[in-house]
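Structure first, commentary second.
Nothing fancy with the numbering, it's 1 onward along the sequence. We use all heavy atoms of the structure for the numbers below, so side chains are in, but hydrogens, waters and symmetry mates are not. Every number for a ligand or one of its atoms is a count from 1 in the order of the listing.
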Amino acid sequence: MDKLKITGGRPLEGEVQVSGAKNAALPIMCAALLSAKPLALTNVPRLRDISTMARLLAQMGVAVERSEQGAVLHAKAITDPTATYELVKTMRASVLVLGPLLARCGEAKVSLPGGCAIGARPVDQHVKGLQAMGATISIEHGYMQASARRLRGARIVMDLVTVTGTENLMMAAALAEGETLLENAAREPEVLDLARCLGAMGAKIEGAGSDVIRIQGVRALGGAEHRVMPDRIETGTYLAAAAAAGGKIRLTGAAPKTLDATLDKLREAGSKITVTESSIEIETARRPAAVSVRTAPYPGFATDMQAQFMALACVADGTALITETIFENRFMHAIELQRLGADIRLEGNTAVVRGVERLQGAGVMATDLRASAGLVIAALVAEGDTVVDRIYHLDRGYEGLEKKLGLLGARVARIA
Ligand code: EPU
């Protein structure tokens, strides 16, 4: 069952609950490697990437117990500090084990991730930061072979803003000797959520959520309980879908404060947005106006929302410029959107999207997680049936997608 059949043309109406954030849960699961005591998590989404991370940690000797919306991870002893190519190639976030393993065990062997559908995605900043903390890292047979007696605190100025790079170094620094200063750090809310979890485990971290993070290393970390933050990209995806398809939906269990850039753009498109502390309602009465976006690190407009806004622009009134500045190859969905009748011209890292009155259903192919989300949104507004192939990409990051869309009145079915 690896295709999704969507019959478009209906406005969305109803209420759905947002899941825990994939990109917060993944680094937080890796934080369990830093302590011999159990880490109990709630609001853990049921996603393919989370199962992959659980499998990776289990291979290292971590006891992983999953419940409906939770997980208890217990790294009493790490038996094998290795992340094999087989798992790393299926999920790049596996590289997040590097910092914690090195800090806890003094050694790690982690496969180089290689390129992926959205760009080259090197890990040089992760490596450079760990080297500054005293690690020796060599590349052998496609693996990063890392060792260190005990990591030492250091002042690290990152060349560019990297989310998992910041997370990897923050975790390593939590157990290093002395103080680490991470400058030009990523300000993404997921970095802050990880810092909160590490803080509950006993780490001494200040400034997470800003671009300078100060970490005072401690000898050991303890156990903790932590609730994973709501998924802001899942939230934004349903909001963009509702703006494109029209109607009125409400999302509960959300964190509106993490979605400022997205909400601003949706208002600009003409939707009415009402927020409380943990819910967002969006009402769209007419065809959206064209809005241009330019991706940037947080608090700018998220690259993980770019494909969804391109889909919105396809049916908007006017011309929108969609500029991608984070990844060099994140426009694969443009070609597929054209198959649905979209008018898109690519000029370097900008897509010029001229809105059309209507799209038409067709067969399309998903290329990566967020590209697939863009295709689903386009399918919801297209006339007739769209079949999205290779939806395993969606299962990596959207919990119960067809169930949630069904709750909103969309006609969606998983087919073989
Ligand atoms: N980069 C380097 N060197 C490095 C690290 C990054 O050149 O050592 C470059 C990348 O190639 C890219 C830019 O820096 O051009 C930013 O990449 P970043 O490291 O921030 O991305 P990431 O940490 O690998 C996370 C999310 C992505 C999200 C990006 C950007 C997780 C697990 N993944 O990736 O999420 O797109 O940040 O916000 O947190 C997704 O969920 O679909 C997804 C791809």
Side-chain angles (χ1 to χ4, degrees), residues 19-31 45 47-50 52-53 56 88 90-99 110 112-132 137 144 156-171 182 184-194 211 228-229 231-237 258 261-262 294-308 324-333 349 366-374 392-399:
S19 298
K22 165 180 86 79
N23 288 349
L26 291 171
I28 287 170
M29 289 171 80
C30 295
L47 295 171
R48 167 98 53 110
D49 273 10
I50 300 295
T52 306
M53 185 59 87
L56 180 65
V88 178
T90 67
M91 185 180 69
R92 301 180 55 86
S94 309
V95 76
L96 282 164
V97 299
L98 179 63
V110 177
L112 274 172
C116 79
I118 62 177
R121 301 181 81 182
V123 289
D124 56 301
Q125 298 301 309
H126 305 233
V127 170
K128 188 181 113 175
L130 292 169
Q131 284 170 335
I137 304 181
M144 292 181 276
I156 300 164
V157 184
M158 281 179 271
D159 297 349
L160 47 79
V161 178
T162 155
V163 179
T164 50
T166 302
E167 292 165 343
N168 229 339
L169 298 179
M170 192 164 74
M171 288 191 277
L182 295 179
N184 199 21
R187 291 180 282 171
E188 268 66 6
E190 291 76 13
V191 174
L192 182 56
D193 203 33
L194 170 64
D211 60 357
V228 176
M229 67 173 279
D231 197 314
R232 64 193 170 99
I233 306 300
E234 185 199 25
T235 308
T237 300
T258 61
T262 298
R294 183 183 181 85
T295 64
Y298 191 85
F301 185 87
T303 173
D304 287 345
M305 284 302 303
Q306 181 257 105
Q308 299 88 316
E324 174 58 54
T325 74
I326 309 289
F327 293 110
E328 64 274 22
N329 190 29
R330 213 176 195 182
F331 276 157
M332 307 270 274
H333 40 282
N349 68 341
T367 49
D368 75 76
L369 171 55
R370 308 304 170 187
S372 330
Y392 52 83
H393 288 294
L394 281 165
D395 295 332
R396 293 186 56 185
Y398 290 95
E399 184 178 49

Identify the heavy atoms of L194 and M171 that sit nearest to each other, and give their distance.
CD2-CG, 4.0 Å
Closest non-hydrogen atom pair, L130 against I137
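Heavy-atom minimum between the residues: CB-CD1, 3.9 Å.
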Which ligand 1 atoms are under 4.0 Å away from a heavy-atom of [X]?
X	answer
L369	42 (O)
Q125	3 (N), 4 (C), 8 (O)
H126	8 (O)
T303	30 (C), 36 (O), 38 (O)
V123	4 (C), 8 (O)

If you measure from atom 9 (C) of ligand 1 to every heavy atom of L160, I118, N168, which option wins on shortest distance?
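Of the listed residues, L160 has the closest heavy atom.
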Option nearest atom 18 (P) of ligand 1 (shortest heavy-atom distance, choices T295, V191, L96, V163)
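Heavy atom nearest to atom 18 (P) of ligand 1 belongs to V163.
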Side-chain H-bond candidate by donor/acceptor type, T325 with R294, under 3.5 Å
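No, no side-chain donor-acceptor pair sits under 3.5 Å.
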Looking only at side-chain N and O atoms, does T162 offer a donor or acceptor that is under 3.5 Å from a partner on Q125?
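No, T162 and Q125 have no side-chain donor paired with an acceptor closer than 3.5 Å.
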R187 (side chain) donor-acceptor with L192 (main chain) under 3.5 angstrom:
no
Using only atom types and a distance under 3.5 Å, with no angle test, would you say the side chain of E234 pairs donor to acceptor with the backbone of S19?
yes
If you measure every N/O of [X] against every N/O of ligand 1, is any gap under 3.5 Å?
X	result
E167	no
E328	no
L26	no

Any atom of ligand 1 sitting under 4.0 Å from a heavy atom of [X]?
X	answer
K22	yes
P122	yes
V127	no
R330	yes
R370	yes

Honestly, for A93 the part within reach of ligand 1 (heavy atoms, under 4.0 Å) is side chain
Determine whether the side chain, the backbone, both or neither of T164 has a heavy atom under 4.0 Å from any heavy atom of ligand 1.
both
Determine the sole option in K22, R330, R232 for which the salt bridge (Lys or Arg N to Asp or Glu O under 4.0 Å) test with D304 is passed.
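Going through the options one by one, the only one that passes is R330.
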